[in-house]
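The figures here come from the full heavy-atom set of this structure, side chains too, leaving out hydrogens, waters and symmetry mates. One is the number of the first residue; the rest follow in order along the sequence. Order of listing sets the numbers, starting from 1, for every ligand and every atom in it.
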Amino acid sequence: MKHLTSIHELSHDELQEILRLSKEIKAYPQRFRGALAGKTLAMIFQKPSTRTRVSFQVGIEQLGGSGFSLGQNELQLGRGETIEDTARVLSRYVNGIMARVFSHDDIIKLATHATVPVINGLSDLLHPCQGICDYFTMQERFGDLRGLKVTYVGDGNNVAHSLAYGAAKLGAHLVISTPGGKYLPNETVIATARKDAEATGATIELVTDPVQAVSGAKVVYTDVWTSMGQEEESKQRRKDLAAYQVNGALFAKAAKDAIFMHCLPAHRGEEVTNEVADHARSVIFDQAENRMHTQKAEMVLLMG
Ligand code: CP
Ligand code: NVA
């Protein structure tokens with residue numbers, strides 16, 4: 001494993017190894033105290049972040065290494081230095097680069113030109129660290145992921161795409177429910193995930209009716225209706241996605257032991273009500289915590 005740009009790029013064994021190591025690191029963090037001693041992670045943020053920033057920073061420190069964040073305007077990138085040269089230069093100083101970018105193309109350019117591992121900390125297309133953390137969290141709850149019915153409700157965005165790639169590699173039964181049109185997930189991502197799914201028996205279904213989609217699901221997942229960079233569309237999105245709110249009535253259609261998941265940040269009262277976000281079967285904060293454990297595993301495997 002050279003980089004972590006997309007779950008699709010991971011082999012089945014690599015993904016299983018990340019999940020296995022995450023479990024070990026979470027259970028025995030002290031065993032890994034020196035795993036990345038002397039190693040440095042540079043973190044580039046073109047967009048805001050709470051979880052990704054803090055979980056990577058604390059994670060690398062717990063592994064004995066160090067990390068620092070760079071905002072877009074703190075780098076010469078903001079004044080026109082190319083992403084390619086930024087990748088080449090940072091590679092001379094640090095042992096790994098984590099980047100949160102607008103265009104997924106920037107992740108590809110970083111990975112192509114860096115000589116150190118590059119981790120995608122969210123792009124407009126994908127959020128692989130989130131997807132890995134999400135399946136780790138489901139595994140903690142349900143064990144085997146094969147055949148597990150996971151329903152994602154709302155906007156077919158970066159988080160939905162990484163859930164699709166993860167389902168395909170792990171054999172889950174993913175249903176994505178959107179109003180259609182521009183809210184549908186990316187066609188190429190879904191086609192690629194369905195191809196990957198042939199090896200595992202996974203299924204990726206696109207469904208319009210949220211009630212039908214959630215029926216019998218073990219996991220009900222949603223994300224914000226307006227992703228970072230789409231703020232101008234927020235009014236229209238609230239209107240178009242209103243019927244896709246995960247509220248008590250919709251959550252009640254899922255399996256009796258279903259869990260609620262959200263990558264956070266949540267816009268309570270929009271895509272999810274307080275009743276569901278704070279439900280006894282909501283695992284949103286376990287999920288947030290697990291970002292750190294799974295990313296520690298990713299860093300150990302990539303930078304160790
Ligand atoms: N879920 C997630 O990536 O959160 P942040 O935007 O706070 O990093
Ligand atoms: N879809 C959201 C995820 C935030 C973690 C966004 O891109 O803003």
Side-chain angles (χ1 to χ4, degrees), residues 4-7 22 41-60 67-72 97-107 119-138 152-166 176-179 182-186 189 219 221-234 236-238 240-241 244-246 260-268 270-272 277 282-296 298-299:
L4 175 49
T5 57
S6 160
I7 297 177
S22 300
L41 178 75
M43 301 188 278
I44 300 173
F45 286 98
Q46 293 182 356
K47 303 178 187 182
S49 165
T50 298
R51 279 143 290 270
T52 304
R53 184 192 307 273
V54 178
S55 57
F56 267 107
Q57 178 81 45
V58 174
I60 184 103
F68 56 88
S69 297
L70 299 158
Q72 167 93 345
I97 301 169
M98 191 284 290
R100 167 165 288 195
V101 300
F102 282 98
S103 164
H104 188 69
D105 217 40
D106 282 355
I107 292 288
I119 301 174
N120 178 359
L122 180 146
S123 67
D124 279 7
L125 189 67
L126 299 171
H127 198 358
C129 297
Q130 186 67 52
I132 291 169
C133 155
D134 296 338
Y135 285 105
F136 176 76
T137 307
M138 292 180 219
Y152 176 94
V153 184
D155 181 25
N157 62 16
N158 44 7
V159 169
H161 295 156
S162 285
L163 285 172
Y165 279 154
I176 300 177
S177 182
T178 76
K182 70 172 179 180
Y183 301 104
L184 280 169
N186 179 289
V189 169
V219 177
Y221 197 122
T222 192
D223 184 17
V224 288
W225 290 340
T226 300
S227 283
M228 291 180 275
Q230 299 173 330
E231 286 76 10
E232 281 178 9
E233 299 175 16
S234 64
Q236 185 65 42
R237 288 175 162 269
R238 272 200 296 273
D240 295 345
L241 289 155
Y244 290 79
Q245 182 187 66
V246 180
F260 171 69
M261 299 184 75
H262 192 310
C263 59
L264 302 180
H267 285 187
R268 289 166 178 257
E270 290 188 22
E271 77 276 4
V272 63
S282 165
V283 300
I284 57 179
F285 300 114
D286 295 329
Q287 224 182 316
E289 177 189 327
N290 283 338
R291 285 291 300 278
M292 187 175 78
H293 305 303
T294 49
Q295 288 161 191
K296 283 169 75 176
E298 292 153 15
M299 289 190 283

Inset, instruction - State whether a side-chain donor-acceptor pair under 3.5 Å links Gln130 with Ser162. - result: no
Inset, instruction - Grab the two heavy atoms, one from Ser22 and one from Phe136, that are nearest each other, plus how far apart they are. - result: CB-CE1, 3.6 Å
Legend entry - Numbered atoms and elements of ligand 2 in range of Asp223, under 4.0 angstrom, heavy atoms: 1 (N), 2 (C), 3 (C)
Legend entry - Under 4.0 Å from ligand 1 - residues by heavy atom, chain and number: Ser49, Thr50, Arg51, Thr52, Arg100, His127, Gln130, Cys263, Leu264, Arg291
Inset, instruction - Give a yes-or-no answer on whether the side chains of Asn290 and Tyr135 include a donor-acceptor pair shorter than 3.5 Å. - result: no
Legend entry - Proximity flag Thr226 to ligand 2, non-hydrogen atoms under 4.0 Å: no
Inset, instruction - Pick out which of Trp225, Tyr152, Tyr183 makes a side chain to side chain donor-acceptor pair (under 3.5 Å) with Asn157. - result: Tyr152
Inset, instruction - Please confirm whether the backbone N or O of Gln230 pairs with a side-chain atom of Glu232, one donor and one acceptor, at under 3.5 Å? - result: no
Legend entry - Which of the ligand 2 atoms, numbered from 1, are nearer than 4.0 Å to a heavy atom of Asn157: 1 (N)
Legend entry - Residue pair Asp124 / Lys47, side-chain heavy-atom distance below 4.5 Å: yes
Inset, instruction - Not counting sequence neighbours, which residues clear side-chain hydrogen bond (donor to acceptor under 3.5 Å, both in side chains) with Glu289? List them please. - result: His293
Legend entry - His127-ligand 2 polar pair, N/O distance under 3.5 Å: no
Legend entry - Atoms in ligand 2 with a heavy atom of Leu264 nearer than 4.0 Å: 5 (C)
Inset, instruction - Grab the two heavy atoms, one from Pro179 and one from Tyr244, that are nearest each other, plus how far apart they are. - result: CA-OH, 3.3 Å
Inset, instruction - For atom 7 (O) of ligand 2, find the nearest protein heavy atom and state the residue, atom name and distance (0.1 Å precision). - result: Asn158 ND2, 2.9 Å
Inset, instruction - May I ask you to identify the nearest protein heavy atom to atom 8 (O) of ligand 2, giving residue, atom name and distance to one decimal place in Å? - result: Met228 N, 2.8 Å
Inset, instruction - Might you work through the side-chain hydrogen bond (donor to acceptor under 3.5 Å, both in side chains) test for Glu271 and Thr222, ending with a clear yes or no? - result: CA-CA 7 Å; Glu271 77 276 4; Thr222 192; 6.0 Å; no
Legend entry - ligand 2 atoms in contact with Leu122 (distance to a heavy atom under 4.0 Å): 3 (C), 4 (C), 5 (C), 7 (O)
Inset, instruction - Please examine the side chains of Leu264 and Gln287, heavy atoms only from C-beta on, and report whether any two atoms are closer than 4.5 Å. - result: no
